[in-house]
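Okay, structure first, notes after.
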Amino acid sequence: MPVTGEDRNMEFGDLLKVIGEFGRFQKLLVFLLCIPNFLTPFHMFGQVFIVTDVPHHCNTSWIRNLNLNLTEEQELNLTIPRRPDGSLEECRMVTPVQEIQSIQPNSTEKCQDGWIYPAEVLPTLLTEFNLVCERKNLNDISQSILMAGVLAGALVFGPLSDRTGSRNMILLTLLLMGSFGVGAAFAPNLYVYIALRFIVGSSFAGISISMAALCSEWVGASYRPLAMIITHCCNALGQMVLAGLAYGIRDWRLYQIVGSAPALCLFFYIWVLPSSARWLLMRGKAEEAKKMIRRAAAINHRSVSEEMLNKLVPEKKAKAGNVLDLFRKAHLRKLVLIMAWVWFVDSLVYYGVSLHVEDFGLDIYTTQLVFGAIEIPARASCIFLLQWMGRKKCQASWLLLAGVICLIIPAIPKTFPVIVTVLAVIGKASLGASFSTTYVFSAEVFPTVVRQTSLGLCSMSARIGGILAPLVGLLDEIHPAIPMVLLGSTALVGGILCFFLPETRDRDLQDDTTKAPSSQ
């Protein structure tokens, strides 16, 4: 006797259609997930504004031991060399002597007793920890260590989220981000600051992974791209607010507190953030899952019968694949290598441009404000462009546009900062849209049995790109054009490789690895 719809088991995806795939409950959930996404730019990009360059010169108080009764200006003229334009050298000083007659202006050396900064400048990370001259590179290195924390967090918090649930992991990582972010404001030296920021970076990874999982497990399949892009737009909104916050608070320690403390204010999530009913079912907690489903149905003004709930079973999953499975078959090998490069390029170029807003010639606060503002329409456009153009053409177009712009920027003279900034803004917008496209495209292009493994590898590739992004700026010591040329070239290669990927628009997800999907 055939099994009818009345007596067969019901899967969670079918139940979502009954209680609502994107009703008030899901919209409230997306709103709650938008708040942490709004806060993360304060940590990811904030250091750009607390290490702004200020005039400085070597501390040459040694000359006062000669008891010459000189004015400050006379001391500087005797002890600090001048540049061709007449300004003071920032990293060299005249070699100290015991007598005034022994001073040789041409005999210079590196600063030995620290640096002097303008008295009217509020404390910054640069002035307190002397991130100038030969210590200047420590700024970019510390940003790379933050990104290394993101990689470590992905490796630790990803599997931990599967065990404890997305909700619990979001609560834990918000606590870590807020407490260690505030703690960084009281760091006594640069190395403690870097260590605390490493933990903040790891918590950022835990938040992003858990929020994506919780959102996808409650929102219907057809609405997932919309829900994901909305949270991405809130991240862009946070970048806009970052510009105002950094402009209004110049004291770096106060900025750390104000930028981090709001995460601690989200303690009320303990009562309002829902658990994943899918995860509860998979962990054998059926009664808790049913309670969450009833709550979701009630908020959506839908009803769900006890009979339906009793028929609810965990979704059957095929045996998961492993890394070796990805490289045994040629079509899977091609997919994972190209998508890993796309994730790497997205992260490398996105953060490479974002972390160097001071290089584009205009006021960094205005540039950051525009950077954030332009991302909102760019990311939002993906909602209909992905359906109109398809995933492959969108992904390729965004990367090719970003690559071309990065290659053009070094050719524009520095005397045209507005043109450079406009180009950088367009490039940043295309990179933001590319990131949003990548999340949707990657979830569709891999077969179910190797999807999590593939996304894990792609995510690791992106984290490596994030680690390298701050270091790319160090190459400008060789030639100022090298960083942007390198970023542009990698983006162009990524855009070209996208044409070798299959199109996934309007196609069902592939579950097994038996055949290669069509590239049309």
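What you see is a predicted model; the values in this text were computed from it and never measured. These numbers come from the heavy atoms of this one structure, side chains and all, not from hydrogens, waters or symmetry mates.
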Measuring only between side-chain heavy atoms, which start at C-beta, is [X] closer than 4.5 Å to [Y]?
X	Y	result
Leu501	Leu335	yes
Pro41	Asn235	yes
Ser202	Phe157	yes
Pro55	Pro118	yes
Thr124	Val51	no
Arg167	Tyr269	no
Tyr255	Leu242	yes
Val192	Phe186	no

**Request:** Applying side chain to side chain contact (heavy atoms under 4.5 Å, CB included) between Ser142 and each of Leu138, Asn139, Ile145, report the one that passes.
**Result:** Asn139
Nearest 0.5 Å, what's the [atom1]-[atom2] distance between [X] and [Y]?
X	Y	atom1	atom2	answer
Thr438	Arg391	OG1	CZ	12.5 Å
Arg379	Ile230	CZ	CD1	13.0 Å
Ile35	Met211	CD1	CE	10.5 Å
Arg224	Glu217	CZ	CD	8.5 Å
His56	Leu131	NE2	CG	10.5 Å
Cys406	Met484	SG	CE	3.5 Å

Are the side chain of [X] and the backbone of [Y] linked by a donor-acceptor contact shorter than 3.5 Å?
X	Y	result
Asn59	Trp115	no
Gln26	Gly20	yes
Asn189	Tyr191	yes
Ser434	Ser430	no

**Message:** According to side-chain contact (heavy atoms from CB on, under 4.5 Å), who are the partners of Leu237, at least two apart in sequence or on a separate chain?
**Reply:** Phe38, Met240, Ile376
**Asked** Which residues pass the side-chain contact (heavy atoms from CB on, under 4.5 Å) test with Glu128, sequence neighbours left out?
**Response** Pro123, Trp252, Arg253
**Message:** Filter on salt bridge (Lys or Arg N to Asp or Glu O under 4.0 Å), then keep only pairs touching residues 21-49, sequence neighbours left out; what's left?
**Reply:** none
**Asked** If you look only at pairs with a residue in residues 130-145, which of them pass as a salt bridge (Lys or Arg N to Asp or Glu O under 4.0 Å), with sequence neighbours excluded?
**Response** none
Suppose we screen for ring pair (Phe, Tyr, Trp, His ring centres under 6.0 Å). Which residues come up paired with [X], at least two apart in sequence or across chains?
X	answer
Phe204	none
Phe31	none
Phe344	Trp341
Phe25	Trp218

Could you pull out all donor-acceptor pairs under 3.5 Å where a side-chain atom in residues 170-178 meets a protein atom, sequence neighbours excluded?
from   : atom 1 : to     : atom 2 : distance (Å)
Thr173 : OG1    : Met169 : O      : 2.7
Thr173 : OG1    : Ile170 : O      : 3.3

**Request:** Return yes if a side-chain donor-acceptor contact under 3.5 Å exists between Glu288 and Ser275, otherwise no.
**Result:** no
**Prompt:** Does a sphere of radius 6.0 Å around OH in Tyr117 hold more than 12 heavy atoms from other residues, nucleotides or ligands, not counting ones at 6.0 Å or beyond?
**Reply:** yes
Taking all non-hydrogen atoms of both residues, which atom of [X] and which atom of [Y] are closest, and how far apart?
X	Y	result
Val150	Arg463	CG1-CD, 3.5 Å
Pro274	Met292	CB-CE, 3.3 Å
Ile293	Ala277	CG1-CB, 3.9 Å
Ala340	Cys458	N-SG, 3.8 Å
Thr127	Leu122	OG1-O, 4.4 Å
Ala469	Leu348	CB-O, 3.5 Å

**Item:** Counterpart residues, side-chain hydrogen bond (donor to acceptor under 3.5 Å, both in side chains), relative to Tyr223 (two or more places apart)
**Value:** none
**Prompt:** Can you name the side-chain hydrogen bond (donor to acceptor under 3.5 Å, both in side chains) partners of Tyr350, sequence neighbours left out?
**Reply:** Gln239, Glu375
**Message:** Looking at Lys290 and Glu287, is there a salt bridge between them, counting it only when a charged N and a carboxylate O are closer than 4.0 Å?
**Reply:** yes
**Item:** Centroid-centroid distance, Phe49 to Tyr365, less than 6.0 Å
**Value:** yes
**Request:** Mind checking disulfide bond (SG atoms under 2.5 Å apart) for Cys133 and listing every partner two or more places apart, or none if nothing turns up?
**Result:** Cys91
